[in-house]
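Okay, so here's the structure we're looking at.
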Amino acid sequence: MAVVAVLMLGFFAFLIMRASSPQMAPLYTGLSFEDSSAIVAELQKQNVPNEIRGDGDTILVPRDQITALRMSLAENGLPTRGQVGYEIFDQQNSLGATSFVQNINNVRALEGELARTISSLARIKSARVHLVLPERALFSRDKKDPTASIVLAVRGELSSGEIRAIQHLVASAIEGLTPSRVSIVDDTGSLLAAGVGDASDPTVLSGEADERTTTVESRLKTRIEDLLANVVGDGRARVQVSADLDLTHVTRTAETFNPDGQVVRSTQTKDIANSTNASGADGQVSASTQLPGSGGNTSGPTEQGSTTEETTNYEISKTSQTEMTDPGAIKRLSVAVVVDGTYTTDAQGNQTYAPRDQATLDQIKSLVQSAIGFDQTRGDQITIANLQFASGPTPSAIGTAGPGLFDFTRDDLVSGAEMLVTLLIALALVFFVMRPLLKRVLAPENAPLALPMSAEIGHSLVPAMAGGPPMPIPQQEDEQPPRPAQLPAWMRDAKSQGAAQAQTLKTVGSLVEDNPKQAALIVRDWLSSGA
């Protein structure tokens, strides 16, 4: 009993302390040592209970104070995530700072702000940004473009879209920086993006081509798998898509003239009047007739006439057309689909495999053709095969029934264990602590009541309390004598004895109520004689 009592006291003390202590929750995770030390120092100034978990990168505080503490720490610029932002200009006096120091601080502030922005993404744990911002020299025609390099600590693996998003994010924040000049490396040393700088570089073009092809294949694969999952079951179909894309960029310009579509644009008419004079006998003009003193300068007959010129300009209809074809058009698709068969389970739980019929495979093929936009003219090919998978379906995948009655999760087991421990402790408390204590408390009260159970003790108590001769015990008026013919002899004796004892107790109780002081003295004498 003592051991159980001590254990119970310790258990209830633990429950009280656990209930009174605040519930702790993470304030920040993934902190650097500098941020952890600064945050802990600030929490100690505010007398806020805190705990440090992990390698110092996680700080726990009371759950109900998380929002207020984050606002308070943000007011003080914490956490800094190991980077210095624009607050660097608030912590110093720029009166005596040189232009070189101001430029360095500007670069540090840009790097810190970009690192904080990138770290706020869901898949990024931490980031470091390095910027190269060349200064243009005076009277120089050459200009160097800025570049950036980023080191990321990621959760899992980044997709190509997320990598491009980071590149464009950094490029948009720096004047003159292009996404192609941003190089990204993860914490394992893998190159995620090469900042080669020239968009027309063959490496960049090859990377974009592979990215386009992978994107198209992944989109078609996901579309087919989602479609077949509702037909053959989740995980019962494997799809591979091979896409041949036209990655050439074509620009066509054409001008077409229609000779049948000519129209008169302008008409010009010109009339010219002219006259001709004849001299000499034959009406001809010669050098001898023009000499001075010659008689050959006599005028001959005069000829007059007119000339008409007409110019008509025609306009022929012309059509100018420019066509630009962007890369990424699908030239050919090849799709391979492997479908598992059907499984039946007998009474003993054994699974039996059965292949699918050809009609079902033809329907699946028609669905796949509709899903990918099948075009036979461009040479698309679809292959549907029904083969048994190496790993059979799980029991949940065979039927449509949900989780069974005894399919417990880890949380269910933990909750059940807590309830079982609490029940055992409660039962131990009742049987080993409360029950013995109740027995000890009730035992002294029942003992004196058991003494006046006979008529002799009742007759001896009555004169002692009343101070006179023994008083006869009256019988109840409504008490009916037992019928000897109906009850056995031993039962009649027991009944009469019980009635006598009950009457005796009733008489003693009435005497105790009438004389409480004398009853107390008698009980005290009994206790003294018993001791």
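On a predicted model such as this, the values are computed, not experimentally measured, just so you know.
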Next item on the list: Tell me, with the steps shown, if Ile150 and Leu114 meet side chain to side chain contact (heavy atoms under 4.5 Å, CB included).
Entry: CA-CA 10 Å; Ile150 305 174; Leu114 287 174; over 6 Å; no
Checklist line | Closest heavy-atom pair and its distance - Gln167, Ala193 | finding: NE2-CB, 3.2 Å
Check: Do Leu220 and Val335 pass the side chain to side chain contact (heavy atoms under 4.5 Å, CB included) test, and can you show the C-alpha distance, the side-chain angles, and the key distance before you say yes or no?
Finding: CA-CA 9 Å; Leu220 294 176; Val335 180; over 6 Å; no
Notebook entry, point to check: Any side-chain heavy atom of Asn313 within less than 4.5 Å of one from Gln268?
Noted result: no
Next item on the list: Looking only at non-hydrogen atoms, find the nearest pair between Leu110 and Leu133 and report the distance.
Entry: CD1-CD1, 4.1 Å
Checklist line | Student check: side-chain heavy atoms of Arg378 and Leu333 closer than 4.5 Å | finding: yes
Check: Is there side-chain contact between Ile59 and Leu43, with heavy atoms separated by less than 4.5 Å?
Finding: yes
Notebook entry, point to check: Which atom pair, heavy atoms only, marks the closest approach of Leu60 to Arg53?
Noted result: CD1-CZ, 3.4 Å
Note to self: Any heavy-atom pair between the side chains of Arg356 and Thr342 that's under 4.5 Å?
What the structure shows: yes
Next item on the list: Without swapping roles, check the side chain of Ser120 against the backbone of Thr117 for a donor-acceptor pair under 3.5 Å.
Entry: yes
Notebook entry, point to check: Any side-chain heavy-atom pair from Asp244 and Ile330 closer than 4.5 angstrom?
Noted result: no
Checklist line | Considering all heavy atoms, the nearest Asp340-Asn386 contact | finding: C-ND2, 3.5 Å
Note to self: Does atom CD (Gln240) have a neighbourhood of more than 12 heavy atoms from anything else shown, all under 6.0 Å?
What the structure shows: no
Item checked: More than 12 heavy atoms from other groups under 6.0 Å of CD on Glu157 -> no
Checklist line | Worked verdict on Asp35 versus Tyr28 for side chain to side chain contact (heavy atoms under 4.5 Å, CB included) | finding: CA-CA 10 Å; Asp35 289 340; Tyr28 290 109; over 6 Å; no
Item checked: Over all atoms of both residues, closest heavy-atom pair of Ile124 and Ile118 -> CB-O, 3.5 Å
Next item on the list: Report, as yes or no, whether the 6.0 Å neighbourhood of atom CZ on Phe431 holds more than 12 heavy atoms from other residues, nucleotides or ligands.
Entry: no
Check: So, for Pro146 and Arg181, which heavy atoms are closest and what is the spacing to 0.1 Å?
Finding: O-CD, 3.5 Å
Margin query: For a side chain to side chain contact (heavy atoms under 4.5 Å, CB included) check, start with the C-alpha distance between Val216 and Arg212, then their side-chain angles and the critical distance, and finish with the verdict.
Written below: CA-CA 6 Å; Val216 173; Arg212 287 175 180 267; 5.6 Å; no
Check: Taking it one step at a time, do Arg108 and Glu111 satisfy salt bridge (charged side-chain N to carboxylate O under 4.0 Å, His left out)?
Finding: CA-CA 5 Å; Arg108 291 181 61 191; Glu111 292 176 350; over 6 Å; no
Check: Is there a donor-acceptor pair under 3.5 Å between the side chain of Asn50 and the backbone N or O of Val61?
Finding: no
Note to self: Determine whether a donor-acceptor pair (N or O, by modelled atom type, separation under 3.5 Å) exists between the side chain of Glu217 and the backbone of Ala243.
What the structure shows: yes
Notebook entry, point to check: Is there a side-chain contact between Thr308 and Glu310, using heavy atoms and a 4.5 Å cut-off?
Noted result: no
